[in-house]
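See below for the structure under consideration.
What's counted below: heavy atoms across the whole structure, side chains too, no hydrogens, waters or symmetry copies.
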Amino acid sequence: MSGAVKIIECPRDAMQGIKAFIPTEKKIQYIQSLLRVGFDTIDFGSFVSPKAIPQMVDTAEVLAQLDLSKTTSKLLAIIANTRGANDASKHDAIDYLGYPFSISENFQMRNTHKTIAQSVVTLQEILNVADKSNKEVVVYISMGFGNPYGDPWNVDIVGEWTERLHKMGVKILSLSDTVGSSNPESINYLFSNLIPKYPQIEFGAHLHTTPSTWFEKIDAAFNAGCRRFDGAIQGFGGCPMAKNELTGNMPTEKLLSYFTSKQHNNLNALSFESAYNEASRIFKSYS
């Protein structure tokens, strides 16, 4: 149950569903404020089709103008296919390639226009690209806690996919509550069973939530041994591919509140306050 907690801030997830285009300089300003906080990782952008996520069309331009000289935070970019992996891998500053891998056939088609079987092939290609370019791959098991499409889901299915991904060489696996469907029981059950069985894998929690359920979700994952948590300041965003209305991200300030009480919060409080205020300005202006 020991180990340092890693908090991954996800401005990409917060911004990607906003229809009004956030100017590149505003994105740079916001991400720069996040880089001063001390997050383990910043999920800052994505190399996906601009037709699918037009908000992220300027990811490479944003990256080129970030000052990374005074930060310890690593950078993660989301990719959906081999082309995206190749594009992202050209940038030395990117540490992680994030790949959404859904165990819901409907959602995988909706999100990447591939079947699960095709996505396994794509993931293997991405792992090969990452290996050659000295990147790590973070695989998100999206719809990891159930789905609204009636696709088969249970904890055994999640376990079977974890085993298969482990055999493929995946070392970081984030269970994603894509539509806010998890509950403390399923969170605790999955993490408490998977973490001891796969000590070679770093498990993360990418939880979406409503304002009233954040505490029990974080608490269930932490008590089950999870030490990697994704969040977005003020809970902005969600998954634009999941359903018509956005389910909010886990608010980072709730994560910080929880982990301060557990003495696991080593982030810069003043820098976080500044980034929080920056988020308020940006999302109020463009949402």
List the steps and the verdict of side-chain contact (heavy atoms from CB on, under 4.5 Å) for K254 and F215.
-> CA-CA 8 Å; K254 300 300 188 185; F215 180 87; over 6 Å; no
Could you go step by step and tell me if K70 and D67 meet the salt bridge (charged side-chain N to carboxylate O under 4.0 Å, His left out) rule?
-> CA-CA 7 Å; K70 297 178 182 177; D67 178 3; 5.8 Å; no
Start with the C-alpha gap between L175 and F191, add the side-chain angles, then the distance that decides, and say whether side-chain contact (heavy atoms from CB on, under 4.5 Å) holds.
-> CA-CA 9 Å; L175 301 184; F191 283 117; 3.7 Å; yes
Do L127 and M168 pass the side-chain contact (heavy atoms from CB on, under 4.5 Å) test, and can you show the C-alpha distance, the side-chain angles, and the key distance before you say yes or no?
-> CA-CA 8 Å; L127 288 166; M168 291 176 70; 4.2 Å; yes
May I have the step-by-step check of ring-ring contact (aromatic ring centres under 6.0 Å, His included) for Y258 and H264, ending in yes or no?
-> CA-CA 9 Å; Y258 180 89; H264 279 286; 9.1 Å; no
Evaluate the criterion side-chain contact (heavy atoms from CB on, under 4.5 Å) for residue pair I126 and V139; output intermediate values, then yes/no.
-> CA-CA 10 Å; I126 290 168; V139 175; over 6 Å; no
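Counting all heavy atoms, side chain and backbone alike, I195 lies closest to C226 at CD1-N, 3.5 Å. Of all heavy-atom pairs spanning I172 and E136, the tightest one is CD1-OE1, 3.8 Å. Scanning all heavy atoms of the two residues, the minimum distance from A279 to Y30 falls at CB-OH, 3.4 Å. In this structure, I79 and A88 approach most closely via the heavy-atom pair CG2-CB, 4.1 Å. Nearest heavy atoms, L34 versus F39: O-CD1, 3.6 Å. Of all heavy-atom pairs between Q118 and H113, the closest is OE1-O, 4.5 Å.
Judged by distance alone, with hydrogens and angles left aside, the side-chain atoms of S271 form no donor-acceptor pair with the main-chain N or O of N268 at under 3.5 Å. Checked by atom type and distance alone, the side chain of D151 never pairs as donor or acceptor with a backbone atom of N147 at under 3.5 Å. The backbone N or O of I141 sits nowhere less than 3.5 Å from a side-chain atom of W161 that would complete a donor-acceptor pair. Of the possible donor and acceptor atoms, none in the side chain of N188 sits under 3.5 Å from a partner among the backbone N and O of P184. Within the 3.5 Å criterion, the main-chain N or O of A130 finds no donor-acceptor partner in the side chain of N134. Remark: side-chain polar atoms of D58 are not paired, donor with acceptor, to backbone N or O of E61 under 3.5 angstrom.
Because its NZ or CZ atom is both nearer than 6.0 Å to the ring centre of Y96 and within 45° of the ring axis, R228 counts as a cation-pi partner of that residue. Judged by a 6.0 Å distance limit and a 45° cone about the ring axis, K27 is positioned over the six-membered ring of F21.
If you chain together hydrophobic residues whose side chains sit under 4.5 Å apart, F203 and L207 fall into the same group. In the hydrophobic cluster analysis, where Ile, Leu, Val, Met, Phe, Trp and Tyr join through side-chain heavy atoms closer than 4.5 angstrom, I7 is grouped together with I218. Note on I53: it does not cluster hydrophobically with I78, by side-chain heavy-atom contacts below 4.5 Å among ILVMFWY residues. No path of Ile, Leu, Val, Met, Phe, Trp and Tyr side chains, each step under 4.5 Å between heavy atoms, connects V62 with V57, placing them in separate hydrophobic clusters. Put simply, L97 and L63 are part of the same group of oily side chains (I, L, V, M, F, W, Y) that touch within less than 4.5 Å, one to the next.
With hydrogens and angles left out, the side-chain atoms of S89 and S133 include a donor and acceptor closer than 3.5 Å. Between the side chains of N81 and T122, no donor N or O sits under 3.5 Å from an acceptor N or O. With no hydrogens or angles considered, a side-chain donor-acceptor pair links E9 and T252 at under 3.5 Å. Under 3.5 Å, the side chains of S182 and K217 contain a donor-acceptor pair of N or O atoms. Side-chain contact check for T209 and T213: at least one donor-acceptor pair (N or O, by modelled atom type) lies under 3.5 Å. Using modelled atom types and a 3.5 Å distance limit, the side chains of E105 and Y149 yield no donor-acceptor pair. A donor and an acceptor atom, one from each side chain of E253 and Q234, are nowhere located under 3.5 Å apart. For H208 and N249, the side-chain atoms include at least one donor-acceptor pair closer than 3.5 Å. Judged by distance alone, the side chains of S104 and N106 never bring a donor and an acceptor atom under 3.5 Å apart.
Contact check for I201 versus H166: side-chain heavy atoms found under the 4.5 Å cut-off. Considering only heavy atoms from C-beta on, W153 stays 4.5 Å or farther from M143 through its side chain. Residues D230 and D43 are not in side-chain contact: their nearest non-hydrogen atoms beyond the backbone lie 4.5 Å or more apart. K171 places none of its side-chain heavy atoms less than 4.5 Å from the side chain of E202. Residues I28 and L66 meet the side-chain proximity criterion, which asks for heavy atoms closer than 4.5 Å. Here the side chains of R12 and M56 are in contact, with some heavy-atom distance below 4.5 Å.
Atom-to-atom distance recorded for L75:CG and L68:CG is 5.5 Å, nearest 0.5 angstrom. Rounding to the nearest 0.5 angstrom, the gap separating the CZ atom in R281 from the OG atom in S33 is 8.5 Å. Atom-to-atom distance recorded for Q32:CD and R36:CZ is 6.0 Å, nearest 0.5 angstrom. Separation of atoms CD1 (I42) and CD1 (I31) is listed at 8.0 Å; rounding is to 0.5 Å. Put simply, CD on Q55 and CD on Q16 are 9.5 Å apart, with the number rounded to the nearest 0.5 Å. The structure places OH of Y276 at 11.0 Å from CG of L256, a figure rounded to the nearest 0.5 Å.
Summarising the local packing, NZ of K26 is surrounded by 12 or fewer heavy atoms from other residues, nucleotides or ligands at distances under 6.0 Å. No more than 12 heavy-atom neighbours from other residues, nucleotides or ligands sit within 6.0 angstrom of CG on D92. Annotation for Q263: atom CD does not count as buried by contact number, only 12 or fewer foreign heavy atoms lying within 6.0 Å.
A ring-centre distance under 6.0 Å is found for F229 and F259. In summary, the aromatic rings of F101 and Y140 are positioned with their centroids too far apart to meet the 6.0 Å limit. Here the two rings, on F145 and H206, have centers that are 6.0 Å apart or farther.
Relative ring orientation between F283 and F236 is described as parallel, the plane-to-plane angle staying below 30° on a 0-90° scale split at 30° and 60°.
For the pair R164 and E160, the salt-bridge criterion is not met [side-chain N within less than 4.0 Å of a carboxylate O]. Taking the charged nitrogens against the carboxylate oxygens, K74 and D40 do have a contact shorter than 4.0 Å, which makes a salt bridge.
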